[in-house]
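First up is the structure itself, then whatever we jot down about it.
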There are 2 protein chains.
Amino acid sequence: MGTKYQGSESEILALNAWIKMKRASNSIQNYINQSLENSGITITQFGTMEMLLHLGPLPQKTISQKMLCSPGNITLVVDNLEKAGFVQRKSNPGDRRYHLIHLTKQGQILVKRLLEKHVKNIVSAFSILSENEQRVFSDYCENLGKHCETKKKESNQ
Amino acid sequence: MGTKYQGSESEILALNAWIKMKRASNSIQNYINQSLENSGITITQFGTMEMLLHLGPLPQKTISQKMLCSPGNITLVVDNLEKAGFVQRKSNPGDRRYHLIHLTKQGQILVKRLLEKHVKNIVSAFSILSENEQRVFSDYCENLGKHCETKKKESNQ
DNA sequence: TAATAATAATTTAATATTGAACTATTGCAA
DNA sequence: TTGCAATAGTTCAATATTAAATTATTATTA
(Lines give C-alpha, C1' and ligand atoms only; values in the text may rest on other atoms or scores of the structure.)
Protein backbone atom coordinates (compact mmCIF):
# COMPACT_ATOMS: atom_id res chain seq x y z
CA MET A 1 0.00 0.00 0.00
CA GLY A 2 1.58 3.27 -1.14
CA THR A 3 0.50 6.80 -1.84
CA LYS A 4 -3.08 7.80 -2.65
CA TYR A 5 -1.87 10.84 -4.53
CA GLN A 6 -3.46 11.14 -7.97
CA GLY A 7 -0.66 11.90 -10.37
CA SER A 8 1.38 10.72 -13.30
CA GLU A 9 3.10 7.37 -13.16
CA SER A 10 6.51 8.91 -12.58
CA GLU A 11 5.10 10.93 -9.69
CA ILE A 12 3.52 7.87 -8.11
CA LEU A 13 6.77 5.95 -8.50
CA ALA A 14 8.85 8.58 -6.75
CA LEU A 15 6.29 9.20 -3.99
CA ASN A 16 6.08 5.48 -3.27
CA ALA A 17 9.84 5.13 -3.20
CA TRP A 18 10.12 7.99 -0.72
CA ILE A 19 7.35 6.83 1.62
CA LYS A 20 8.68 3.28 1.64
CA MET A 21 12.20 4.49 2.26
CA LYS A 22 11.04 6.53 5.26
CA ARG A 23 9.05 3.63 6.70
CA ALA A 24 11.87 1.15 6.17
CA SER A 25 14.37 3.53 7.74
CA ASN A 26 12.11 3.91 10.74
CA SER A 27 11.54 0.16 11.13
CA ILE A 28 15.24 -0.60 10.84
CA GLN A 29 16.12 2.12 13.35
CA ASN A 30 13.57 0.79 15.85
CA TYR A 31 14.82 -2.75 15.41
CA ILE A 32 18.49 -1.86 15.70
CA ASN A 33 17.99 0.36 18.73
CA GLN A 34 16.88 -2.59 20.79
CA SER A 35 20.58 -3.21 21.37
CA LEU A 36 20.77 0.09 23.27
CA GLU A 37 17.75 -0.47 25.49
CA ASN A 38 18.66 -0.62 29.15
CA SER A 39 22.18 0.53 28.30
CA GLY A 40 21.47 4.03 29.62
CA ILE A 41 22.90 5.72 26.55
CA THR A 42 21.13 7.28 23.59
CA ILE A 43 21.56 6.59 19.89
CA THR A 44 23.44 9.83 19.42
CA GLN A 45 25.75 9.06 22.33
CA PHE A 46 26.39 5.57 20.98
CA GLY A 47 27.00 6.87 17.46
CA THR A 48 29.49 9.39 18.80
CA MET A 49 31.44 6.77 20.76
CA GLU A 50 31.38 4.33 17.86
CA MET A 51 32.83 7.01 15.62
CA LEU A 52 35.60 7.78 18.08
CA LEU A 53 36.39 4.08 18.40
CA HIS A 54 36.83 3.64 14.67
CA LEU A 55 38.25 7.00 13.63
CA GLY A 56 40.18 8.05 16.73
CA PRO A 57 39.97 11.46 18.46
CA LEU A 58 37.89 13.99 16.53
CA PRO A 59 36.75 17.63 16.81
CA GLN A 60 33.08 18.16 17.53
CA LYS A 61 32.49 19.64 14.09
CA THR A 62 33.37 16.34 12.44
CA ILE A 63 31.15 14.45 14.85
CA SER A 64 28.17 16.70 14.20
CA GLN A 65 28.58 16.39 10.42
CA LYS A 66 28.82 12.61 10.48
CA MET A 67 26.00 12.27 13.00
CA LEU A 68 23.82 14.52 10.85
CA CYS A 69 22.93 16.86 13.67
CA SER A 70 23.64 20.39 14.83
CA PRO A 71 26.90 21.48 16.55
CA GLY A 72 24.89 22.65 19.54
CA ASN A 73 23.49 19.20 19.95
CA ILE A 74 26.95 17.64 19.97
CA THR A 75 28.08 20.08 22.64
CA LEU A 76 25.39 18.64 24.90
CA VAL A 77 26.05 15.03 23.88
CA VAL A 78 29.77 15.37 24.56
CA ASP A 79 29.03 17.21 27.83
CA ASN A 80 26.95 14.28 29.01
CA LEU A 81 29.39 11.64 27.80
CA GLU A 82 32.21 13.52 29.50
CA LYS A 83 30.28 13.75 32.78
CA ALA A 84 29.70 10.00 32.59
CA GLY A 85 33.41 9.42 32.02
CA PHE A 86 33.12 7.89 28.56
CA VAL A 87 34.90 10.61 26.58
CA GLN A 88 37.30 13.43 27.36
CA ARG A 89 37.94 16.80 25.73
CA LYS A 90 41.69 17.22 25.28
CA SER A 91 43.28 20.50 24.24
CA ASN A 92 44.73 20.75 20.76
CA PRO A 93 47.73 23.13 20.79
CA GLY A 94 47.97 23.22 16.98
CA ASP A 95 44.57 24.86 16.62
CA ARG A 96 43.00 26.18 19.77
CA ARG A 97 39.58 26.74 18.23
CA TYR A 98 38.70 23.17 18.98
CA HIS A 99 39.43 20.32 21.33
CA LEU A 100 39.84 16.73 20.28
CA ILE A 101 37.31 14.36 21.80
CA HIS A 102 38.94 11.19 23.06
CA LEU A 103 37.24 7.95 24.02
CA THR A 104 38.25 6.91 27.54
CA LYS A 105 39.12 3.34 28.46
CA GLN A 106 35.72 3.07 30.14
CA GLY A 107 34.00 4.39 27.03
CA GLN A 108 35.91 1.93 24.89
CA ILE A 109 34.78 -1.00 27.01
CA LEU A 110 31.15 0.13 26.89
CA VAL A 111 31.00 0.79 23.16
CA LYS A 112 32.77 -2.45 22.30
CA ARG A 113 30.29 -4.38 24.39
CA LEU A 114 27.27 -2.68 22.78
CA LEU A 115 28.74 -2.80 19.30
CA GLU A 116 28.64 -6.57 19.13
CA LYS A 117 24.85 -6.78 19.42
CA HIS A 118 24.43 -3.61 17.35
CA VAL A 119 26.32 -5.05 14.38
CA LYS A 120 24.45 -8.34 14.69
CA ASN A 121 21.15 -6.46 14.51
CA ILE A 122 22.19 -4.50 11.42
CA VAL A 123 23.35 -7.66 9.67
CA SER A 124 20.09 -9.33 10.64
CA ALA A 125 18.04 -6.38 9.40
CA PHE A 126 19.68 -6.42 5.98
CA SER A 127 19.81 -10.19 5.68
CA ILE A 128 16.48 -10.08 3.85
CA LEU A 129 18.50 -8.77 0.89
CA SER A 130 21.14 -10.92 -0.79
CA GLU A 131 24.73 -9.68 -0.70
CA ASN A 132 24.43 -8.45 -4.23
CA GLU A 133 21.13 -6.72 -3.52
CA GLN A 134 22.76 -4.99 -0.57
CA ARG A 135 25.47 -3.68 -2.89
CA VAL A 136 22.88 -2.44 -5.37
CA PHE A 137 20.86 -0.86 -2.55
CA SER A 138 23.96 0.91 -1.20
CA ASP A 139 24.73 2.30 -4.62
CA TYR A 140 21.21 3.57 -5.08
CA CYS A 141 21.34 5.29 -1.70
CA GLU A 142 24.72 6.81 -2.43
CA ASN A 143 23.47 8.17 -5.74
CA LEU A 144 20.28 9.53 -4.19
CA GLY A 145 22.24 11.28 -1.43
CA LYS A 146 24.80 12.85 -3.73
CA HIS A 147 22.15 13.93 -6.20
CA CYS A 148 20.14 15.73 -3.52
CA GLU A 149 23.18 17.42 -2.04
CA THR A 150 24.10 18.73 -5.49
CA LYS A 151 20.57 19.91 -6.27
CA LYS A 152 20.30 21.60 -2.89
CA LYS A 153 23.53 23.53 -3.44
CA GLU A 154 22.35 24.55 -6.90
CA SER A 155 19.07 25.92 -5.63
CA ASN A 156 20.82 27.86 -2.86
CA GLN A 157 22.75 29.98 -5.28
CA MET B 1 33.49 6.24 1.92
CA GLY B 2 31.72 3.83 4.27
CA THR B 3 32.30 2.24 7.65
CA LYS B 4 35.72 1.85 9.22
CA TYR B 5 34.50 -1.08 11.26
CA GLN B 6 36.79 -4.08 11.01
CA GLY B 7 34.59 -7.08 10.40
CA SER B 8 33.57 -9.80 8.00
CA GLU B 9 32.49 -8.94 4.50
CA SER B 10 28.83 -9.50 5.26
CA GLU B 11 29.08 -7.18 8.26
CA ILE B 12 30.76 -4.46 6.21
CA LEU B 13 28.12 -4.81 3.52
CA ALA B 14 25.22 -4.39 5.93
CA LEU B 15 26.86 -1.55 7.87
CA ASN B 16 27.57 0.33 4.66
CA ALA B 17 24.03 -0.18 3.44
CA TRP B 18 22.63 1.19 6.69
CA ILE B 19 24.89 4.24 6.92
CA LYS B 20 24.28 5.13 3.29
CA MET B 21 20.55 4.69 3.72
CA LYS B 22 20.55 7.06 6.71
CA ARG B 23 22.61 9.68 4.89
CA ALA B 24 20.51 9.44 1.74
CA SER B 25 17.32 9.71 3.76
CA ASN B 26 18.65 12.79 5.48
CA SER B 27 19.78 14.44 2.23
CA ILE B 28 16.48 13.74 0.54
CA GLN B 29 14.53 15.07 3.51
CA ASN B 30 16.58 18.27 3.57
CA TYR B 31 16.14 18.76 -0.15
CA ILE B 32 12.42 18.09 -0.15
CA ASN B 33 11.75 20.29 2.85
CA GLN B 34 12.84 23.35 0.94
CA SER B 35 9.29 23.43 -0.40
CA LEU B 36 8.05 24.12 3.14
CA GLU B 37 10.50 26.90 3.97
CA ASN B 38 8.76 30.23 4.59
CA SER B 39 5.40 28.44 4.56
CA GLY B 40 5.13 28.67 8.35
CA ILE B 41 4.20 25.01 8.75
CA THR B 42 6.34 22.09 9.84
CA ILE B 43 6.94 18.77 8.11
CA THR B 44 4.66 16.98 10.54
CA GLN B 45 1.91 19.54 10.03
CA PHE B 46 2.26 19.26 6.27
CA GLY B 47 2.29 15.46 6.40
CA THR B 48 -0.86 15.48 8.48
CA MET B 49 -2.71 17.77 6.11
CA GLU B 50 -1.51 15.86 3.06
CA MET B 51 -2.83 12.66 4.59
CA LEU B 52 -6.21 14.22 5.30
CA LEU B 53 -6.37 15.56 1.74
CA HIS B 54 -5.80 12.13 0.22
CA LEU B 55 -7.51 9.87 2.73
CA GLY B 56 -10.28 12.08 4.06
CA PRO B 57 -11.14 12.65 7.76
CA LEU B 58 -9.12 10.42 10.12
CA PRO B 59 -8.79 9.74 13.85
CA GLN B 60 -5.54 10.90 15.44
CA LYS B 61 -4.42 7.34 16.04
CA THR B 62 -4.26 6.67 12.32
CA ILE B 63 -2.40 9.89 11.73
CA SER B 64 0.21 9.12 14.37
CA GLN B 65 0.78 5.62 12.98
CA LYS B 66 1.22 6.82 9.42
CA MET B 67 3.35 9.77 10.46
CA LEU B 68 5.58 7.45 12.51
CA CYS B 69 5.31 9.49 15.67
CA SER B 70 3.69 9.34 19.08
CA PRO B 71 -0.02 10.01 19.76
CA GLY B 72 0.95 12.80 22.15
CA ASN B 73 2.82 14.51 19.38
CA ILE B 74 -0.21 14.41 17.09
CA THR B 75 -2.39 15.93 19.81
CA LEU B 76 -0.10 18.96 19.74
CA VAL B 77 0.17 19.05 15.95
CA VAL B 78 -3.61 18.91 15.54
CA ASP B 79 -4.02 21.51 18.30
CA ASN B 80 -1.79 23.90 16.39
CA LEU B 81 -3.36 23.17 13.02
CA GLU B 82 -6.79 23.68 14.52
CA LYS B 83 -5.80 27.01 16.10
CA ALA B 84 -4.50 28.10 12.69
CA GLY B 85 -7.78 27.09 11.09
CA PHE B 86 -6.39 24.40 8.79
CA VAL B 87 -8.11 21.40 10.38
CA GLN B 88 -11.10 20.81 12.62
CA ARG B 89 -11.94 18.12 15.15
CA LYS B 90 -15.47 16.89 14.50
CA SER B 91 -17.32 14.64 16.89
CA ASN B 92 -17.89 11.05 15.86
CA PRO B 93 -21.19 9.81 17.36
CA GLY B 94 -20.53 6.19 16.36
CA ASP B 95 -17.49 5.92 18.63
CA ARG B 96 -16.99 8.72 21.07
CA ARG B 97 -13.44 7.71 22.02
CA TYR B 98 -12.14 9.69 19.10
CA HIS B 99 -12.92 12.64 16.90
CA LEU B 100 -12.39 12.72 13.18
CA ILE B 101 -9.93 15.32 11.99
CA HIS B 102 -11.22 17.20 8.98
CA LEU B 103 -9.25 19.42 6.64
CA THR B 104 -10.87 22.85 6.36
CA LYS B 105 -11.27 24.68 3.06
CA GLN B 106 -8.40 26.93 4.10
CA GLY B 107 -6.24 23.91 4.91
CA GLN B 108 -7.11 22.36 1.59
CA ILE B 109 -6.02 25.45 -0.30
CA LEU B 110 -2.74 25.63 1.61
CA VAL B 111 -1.80 21.99 1.26
CA LYS B 112 -2.69 21.87 -2.42
CA ARG B 113 -0.49 24.88 -3.06
CA LEU B 114 2.47 23.39 -1.17
CA LEU B 115 1.95 19.91 -2.56
CA GLU B 116 2.77 20.96 -6.09
CA LYS B 117 6.35 21.97 -5.28
CA HIS B 118 6.67 19.11 -2.79
CA VAL B 119 5.86 16.47 -5.39
CA LYS B 120 8.17 18.12 -7.90
CA ASN B 121 11.00 17.95 -5.39
CA ILE B 122 10.42 14.27 -4.65
CA VAL B 123 10.31 13.42 -8.34
CA SER B 124 13.47 15.44 -8.84
CA ALA B 125 15.21 13.71 -5.92
CA PHE B 126 14.49 10.25 -7.26
CA SER B 127 15.11 11.14 -10.91
CA ILE B 128 18.71 10.00 -10.46
CA LEU B 129 17.27 6.46 -10.53
CA SER B 130 15.57 5.10 -13.64
CA GLU B 131 11.91 4.14 -13.34
CA ASN B 132 12.84 0.52 -13.06
CA GLU B 133 15.49 1.24 -10.46
CA GLN B 134 12.90 3.15 -8.46
CA ARG B 135 10.65 0.09 -8.53
CA VAL B 136 13.49 -2.15 -7.39
CA PHE B 137 14.45 0.34 -4.68
CA SER B 138 10.85 0.49 -3.42
CA ASP B 139 10.69 -3.28 -3.24
CA TYR B 140 13.94 -3.48 -1.30
CA CYS B 141 12.67 -0.88 1.17
CA GLU B 142 9.35 -2.64 1.56
CA ASN B 143 11.12 -5.95 2.26
CA LEU B 144 13.52 -4.36 4.72
CA GLY B 145 10.68 -2.71 6.60
CA LYS B 146 8.51 -5.79 6.82
CA HIS B 147 11.44 -7.96 7.82
CA CYS B 148 12.39 -5.67 10.70
CA GLU B 149 8.82 -5.38 11.94
CA THR B 150 8.57 -9.16 11.99
CA LYS B 151 11.90 -9.62 13.74
CA LYS B 152 11.02 -6.95 16.30
CA LYS B 153 7.75 -8.65 17.16
CA GLU B 154 9.51 -12.00 17.47
CA SER B 155 12.09 -10.65 19.90
CA ASN B 156 9.40 -9.00 22.02
CA GLN B 157 7.78 -12.30 22.86
C1' DT C 1 -25.12 -7.86 33.63
C1' DA C 2 -20.76 -6.69 35.82
C1' DA C 3 -16.01 -6.76 35.65
C1' DT C 4 -12.16 -6.50 32.89
C1' DA C 5 -9.53 -5.52 28.92
C1' DA C 6 -8.70 -2.70 25.03
C1' DT C 7 -8.72 1.58 22.52
C1' DA C 8 -8.22 6.69 21.76
C1' DA C 9 -6.93 10.88 23.27
C1' DT C 10 -4.83 13.94 26.47
C1' DT C 11 -1.65 15.72 29.92
C1' DT C 12 2.71 16.10 32.01
C1' DA C 13 7.56 15.98 32.70
C1' DA C 14 11.72 15.10 30.68
C1' DT C 15 14.75 15.01 26.85
C1' DA C 16 16.33 16.00 22.11
C1' DT C 17 17.11 19.09 18.65
C1' DT C 18 17.58 23.16 16.18
C1' DG C 19 18.75 27.97 14.82
C1' DA C 20 20.59 32.19 15.94
C1' DA C 21 23.56 35.04 18.47
C1' DC C 22 27.97 35.21 20.54
C1' DT C 23 33.09 34.29 21.76
C1' DA C 24 37.58 32.68 20.59
C1' DT C 25 40.82 31.50 17.32
C1' DT C 26 42.86 31.14 12.84
C1' DG C 27 43.58 32.19 7.82
C1' DC C 28 43.81 35.42 4.25
C1' DA C 29 44.36 39.53 1.69
C1' DA C 30 44.94 44.42 1.02
C1' DT D 1 50.73 44.17 9.75
C1' DT D 2 45.96 45.04 10.21
C1' DG D 3 41.36 44.17 9.25
C1' DC D 4 38.04 40.96 7.54
C1' DA D 5 36.32 36.51 6.68
C1' DA D 6 36.06 31.81 8.05
C1' DT D 7 35.97 28.19 11.41
C1' DA D 8 34.87 25.82 15.93
C1' DG D 9 32.47 25.75 19.85
C1' DT D 10 29.09 27.38 23.23
C1' DT D 11 24.89 29.35 25.00
C1' DC D 12 20.14 30.32 24.90
C1' DA D 13 15.37 30.25 23.69
C1' DA D 14 12.06 27.91 21.25
C1' DT D 15 10.16 23.82 19.41
C1' DA D 16 9.65 18.82 18.72
C1' DT D 17 9.26 14.51 20.53
C1' DT D 18 8.62 10.83 23.55
C1' DA D 19 7.11 7.87 27.45
C1' DA D 20 4.20 7.20 31.08
C1' DA D 21 0.18 8.17 33.69
C1' DT D 22 -4.69 9.47 33.34
C1' DT D 23 -9.47 9.89 31.57
C1' DA D 24 -13.22 8.53 28.66
C1' DT D 25 -15.30 5.28 25.90
C1' DT D 26 -16.12 0.80 23.87
C1' DA D 27 -15.55 -4.29 23.50
C1' DT D 28 -15.24 -8.66 25.58
C1' DT D 29 -16.18 -12.27 28.56
C1' DA D 30 -17.20 -14.77 32.67
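What's counted below: heavy atoms across the whole structure, side chains too, no hydrogens, waters or symmetry copies.
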Does D:dA30 have a Watson-Crick or wobble mate here (both distances under 3.5 Å), and if so which one?
-> C:dT1
What is the distance, rounded to the nearest whole Å, between atom CG of A:Leu81 and atom C1' of C:dA16?
-> 14 Å
Between C:dT17 atom C1' and B:Asn30 atom CG, what is the distance in whole Å?
-> 13 Å
What does A:Ile74 touch in the nucleic acid at a heavy-atom separation under 4.0 angstrom: a base, only the sugar-phosphate, or nothing?
-> nothing
For residues 108-130 of chain B, the salt bridge (charged side-chain N to carboxylate O under 4.0 Å, His left out) pairs (sequence neighbours left out) are none
Do B:Met49 and B:Leu53 come within less than 4.5 Å of each other through their side chains, counting heavy atoms only?
-> no
Indicate yes or no: at least one non-hydrogen side-chain atom of A:Asn16 is less than 4.5 angstrom from one of B:Arg135.
-> no
By nearest-nucleotide position on DNA chain D, the 5'-leaning member of B:Cys69 and A:Thr62 is A:Thr62
Do B:Met21 and A:Ser25 come close enough that some side-chain heavy atom pair is under 4.5 Å?
-> yes
4.5 Å side-chain heavy-atom contact, A:Trp18 and B:Ile32 = yes
Rounded to the nearest angstrom, tell me the gap between atom NZ in B:Lys61 and atom C1' in C:dT10.
-> 14 Å
For nucleotides 19-26 of chain D, read 5' to 3', which letter fits each nucleotide if B means a protein heavy atom sits under 4.0 Å from the base, S means only the sugar-phosphate is that close, and - means neither?
-> ------BS
Of the residues in residues 36-59 of chain A, which ones touch DNA chain D at a heavy-atom distance under 4.0 Å?
-> A:Pro59
Starting from the 5' end of DNA chain C, give me the residue, A:Leu68 or B:Arg89, whose nearest nucleotide shows up first.
-> B:Arg89
Any B:His99 side-chain heavy atom under 4.5 Å of B:Lys90 side chain | no
Taking atom P of D:dA8 as reference, at what distance in whole Å does atom CD1 of A:Ile63 sit?
-> 13 Å
Among C:dT10, C:dA8, D:dT10, which nucleotide sits nearest the side chain of B:Gln60?
-> C:dT10
The answer to which of B:Gln65 and B:Asp79 contacts DNA chain C further toward the 5' end, by nearest nucleotide, is B:Gln65
Taken to the nearest whole Å, NE2/B:His99 to P/C:dT7 is 20 Å
Flag the pair A:Pro59 / A:Thr62 as yes when at least one side-chain heavy-atom distance between them is below 4.5 Å, and no otherwise.
-> yes
Is there a side-chain contact between A:Ile41 and A:Leu114, using heavy atoms and a 4.5 Å cut-off?
-> yes
Do B:Lys153 and B:Glu149 meet the salt-bridge criterion of a basic N to acidic O distance under 4.0 Å?
-> no
Length of the CD-P vector between B:Glu82 and C:dA9, whole Å | 13 Å
